[in-house]
Amino acid sequence: MLEELKEKVFRANLDLVRHGLVIFTWGNVSGIDRESGLVVIKPSGVDYDTMKADDMVVVDLDGNIAEGNLKPSSDTPTHLAIYRAWPEVGGVVHTHSTYATAWAQAGKDIPNIGTTHADYFHHAIPCTADMTESEVKGQYELETGNVIIRRFGEMNPMHTPGVLVRNHGPFSWGKDPHDAVHNAVVMEQVAKMAFIAYGVNPGLTMNPLLIEKHYNRKHGPGAYYGQTKH
């Protein structure tokens, strides 16, 4: 079942290690097949060194296991909440990468202060509100997804494809698992750049015209970055 998607999700999980975004088992990637409504996700607590594509778990959008002998990631309800809320999303990533997690623990948005950020994220990468006692003690992972969705409000999640869960860490997404990992890598890098930049100049500012220029040359209606497909 969904063998091609299992392979993609498996490879995307290994890419988290390759890019230095996870240590031990601190991360997960999922992907969705929108036609069937089924999601493939990393199994919970399985070491990346021994994990195989066949270990990926298939669940439906309610979290019921459709295929797999292992338990899905404990973060599965968060991934599913994102898929249910945002139909454009095809892949979701969660890590505890150092700099993005540091901003999450500080409870601060990652501000858009450079063209690297603007190339991938139109706005500041938002940090969620504190979770309430009932959210933490209730269906915690599902409520984590809900606080992410509430934080975006009217924002377009595909224009700023990442979030910081306060005191926890980053989630990112994209059109497929590979794209979601790509955004996770960029988020960690811009988190690091912002940390360094504020250390050099705490009063720095960003030219908003540069934000619009760099975002739109890659993602706008007249985008011209990269090679034209014939």
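All values below come from the heavy atoms of this structure, side chains included, with hydrogens, waters and symmetry mates left out.
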Least distance between heavy atoms, [X] atom then [Y] atom:
{"X": "Leu142", "Y": "Arg84", "value": "CD1-NH2, 3.5 Å"}
{"X": "Val92", "Y": "Ala180", "value": "N-CB, 4.0 Å"}
{"X": "Gly162", "Y": "Trp173", "value": "N-CZ2, 3.5 Å"}
{"X": "Gly90", "Y": "Pro177", "value": "O-CD, 3.9 Å"}
{"X": "Leu80", "Y": "Asp60", "value": "CD1-O, 3.7 Å"}
{"X": "Asp49", "Y": "Asp47", "value": "N-OD1, 2.7 Å"}

Please determine whether residues [X] and [Y] belong to a single hydrophobic cluster, defined as Ile, Leu, Val, Met, Phe, Trp and Tyr linked transitively by side-chain heavy-atom distances below 4.5 Å.
{"X": "Met56", "Y": "Leu2", "value": "yes"}
{"X": "Leu204", "Y": "Val190", "value": "yes"}
{"X": "Ile32", "Y": "Val163", "value": "yes"}
{"X": "Tyr83", "Y": "Leu38", "value": "yes"}
{"X": "Val46", "Y": "Val29", "value": "yes"}

Margin query: Taking the basic N atoms (NZ, or NE/NH1/NH2) and the acidic carboxylate oxygens, is any pair closer than 4.0 Å for Glu7 and Arg11?
Written below: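 A salt bridge is present here (some side-chain N lies under 4.0 Å from a carboxylate O).
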
Note to self: Between Glu88 and Arg34 (salt bridge meaning N to carboxylate O under 4.0 Å), is one present in this structure?
What the structure shows: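 Judged by the 4.0 Å cut-off on N to carboxylate O distance, Glu88 and Arg34 do not form a salt bridge.
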
Could you tell me whether the side chain of [X] and the main chain of [Y] form a donor-acceptor pair under 3.5 Å?
{"X": "Thr78", "Y": "Thr144", "result": "no"}
{"X": "Arg166", "Y": "Gly107", "result": "yes"}
{"X": "Asn13", "Y": "Val9", "result": "yes"}
{"X": "Asn112", "Y": "His122", "result": "yes"}

Notebook entry, point to check: Can the ring centres of His159 and Tyr215 be said to be less than 6.0 Å apart?
Noted result: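 His159 vs Tyr215: aromatic centres under 6.0 Å.
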
Check: Can you pull the ring pair (Phe, Tyr, Trp, His ring centres under 6.0 Å) pairs that have at least one residue in residues 23-42, sequence neighbours excluded?
Finding: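 The answer is Phe24-Trp26.
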
Next item on the list: Find the distance between CG (Asp176) and NZ (Lys8) and round it off to the nearest 0.5 Å.
Entry: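 Reported value, rounded in 0.5 Å steps: 6.5 Å.
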
Notebook entry, point to check: Under 30°, 30 to 60°, or over 60°: which ring-plane class applies to His178 and His182, parallel, tilted or perpendicular?
Noted result: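 Plane angle between 30° and 60°, so tilted.
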
Checklist line | Ring geometry between Phe171 and His168 (parallel below 30°, tilted from 30 to 60°, perpendicular above 60°) | finding: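 Geometry flag for Phe171 against His168: perpendicular rings.
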
Next item on the list: Measure from NZ or CZ of Lys218 to the centre of the six-membered ring of Tyr120 and say whether it is under 6.0 Å with the direction within 45° of the ring axis.
Entry: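 Positive - Lys218 is close enough to the ring of Tyr120 and near enough to its axis.
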
Note to self: Quiz question: by atom type and distance under 3.5 Å, do the side chains of Ser73 and Asn28 form a donor-acceptor pair?
What the structure shows: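 Side chains of Ser73 and Asn28: pair found under 3.5 Å.
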
Notebook entry, point to check: Would Asp119 and Thr116 count as having a side-chain donor-acceptor pair, cut-off 3.5 Å?
Noted result: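 Checked: Asp119/Thr116 side chains show no N/O donor-acceptor pair below 3.5 Å.
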
Next item on the list: Please collect all side chain to side chain donor-acceptor pair (under 3.5 Å) contacts where either partner lies in residues 100-109, sequence neighbours excluded, each pair once.
Entry: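 Pairs touching residues 100-109 that pass the test: Asp109-Arg151.
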
